[in-house]
Amino acid sequence: MDEFKDRLTEALKENNLSQTALAQKISMSQGAINNYCTGKREPSLEVLFSICKALNVRSDYLLGLID
């Protein structure tokens, strides 16, 4: 899941969003988002889809299945 954390961090930068702003958008804690960005945890499918929608990015991109 290293690719996920790297691409999530990149998508946050591209959208000019902080972890806190993303957390607020998807009704989660900033700590949970930080855990995803550092690779300590992996999101559930439901959370993954919420992240994708908030960042306007495809799940297969975040998962490293496409470039």
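In this chain, residues are counted from 1 in sequence order. From a predicted model like this one, the values you see are computed outputs, not experimental measurements.
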Open item on the list: When you measure from the side chain of Arg41 to the backbone of Ala32, do you find a donor-acceptor pair of N or O atoms at a distance under 3.5 Å?
Closed with: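 No, the answer is negative, given that no donor and acceptor are paired below the 3.5 Å cut-off.
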TODO: State which residues pass side chain to side chain contact (heavy atoms under 4.5 Å, CB included) with Lys53; sequence neighbours excluded, sorted by chain then number.
DONE: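 Testing Lys53 for side chain to side chain contact (heavy atoms under 4.5 Å, CB included), a comparison that skips the adjacent residues, returns none.
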TODO: Would you indicate whether Asp60, at its atom CG, is surrounded by more than 12 heavy atoms from other residues, nucleotides or ligands within a distance under 6.0 Å?
DONE: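 Yes - once you tally the heavy atoms of other residues, nucleotides and ligands closer than 6.0 Å, there are more than 12.
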Task: Close side-chain approach of Leu63 to Leu48, heavy-atom, < 4.5 Å - done: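 Yes; the side chains approach each other to less than 4.5 Å.
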- [ ] Please examine the side chains of Leu17 and Lys25, heavy atoms only from C-beta on, and report whether any two atoms are closer than 4.5 Å.
- [x]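 Yes, at least one pair of side-chain atoms sits under 4.5 Å.
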TODO: Locate the shortest heavy-atom distance separating Tyr36 from Leu8; write the atom from each residue and the value.
DONE: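 The answer is CB-CD2, 3.7 Å.
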Task: Least distance between heavy atoms, Ser59 atom then Phe49 atom - done: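 Nearest pair, atom of Ser59 first, then Phe49: OG-CE2, 4.1 Å.
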Rounded to the nearest 0.5 Å, how far does [atom2] of [Y] lie from [atom1] of [X]?
X     : Y     : atom1 : atom2 : result
Asn34 : Thr20 : CG    : OG1   : 9.0 Å
Glu10 : Arg7  : CD    : CZ    : 7.5 Å
Lys5  : Glu3  : NZ    : CD    : 11.0 Å
Leu55 : Leu62 : CG    : CG    : 7.0 Å

Task: Thr38, Val47, Ile26 screened by side-chain contact (heavy atoms from CB on, under 4.5 Å) with Ile33, the one that passes - done: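 With Ile33 as partner, Thr38, Val47, Ile26 yield a single side-chain contact (heavy atoms from CB on, under 4.5 Å), made by Ile26.
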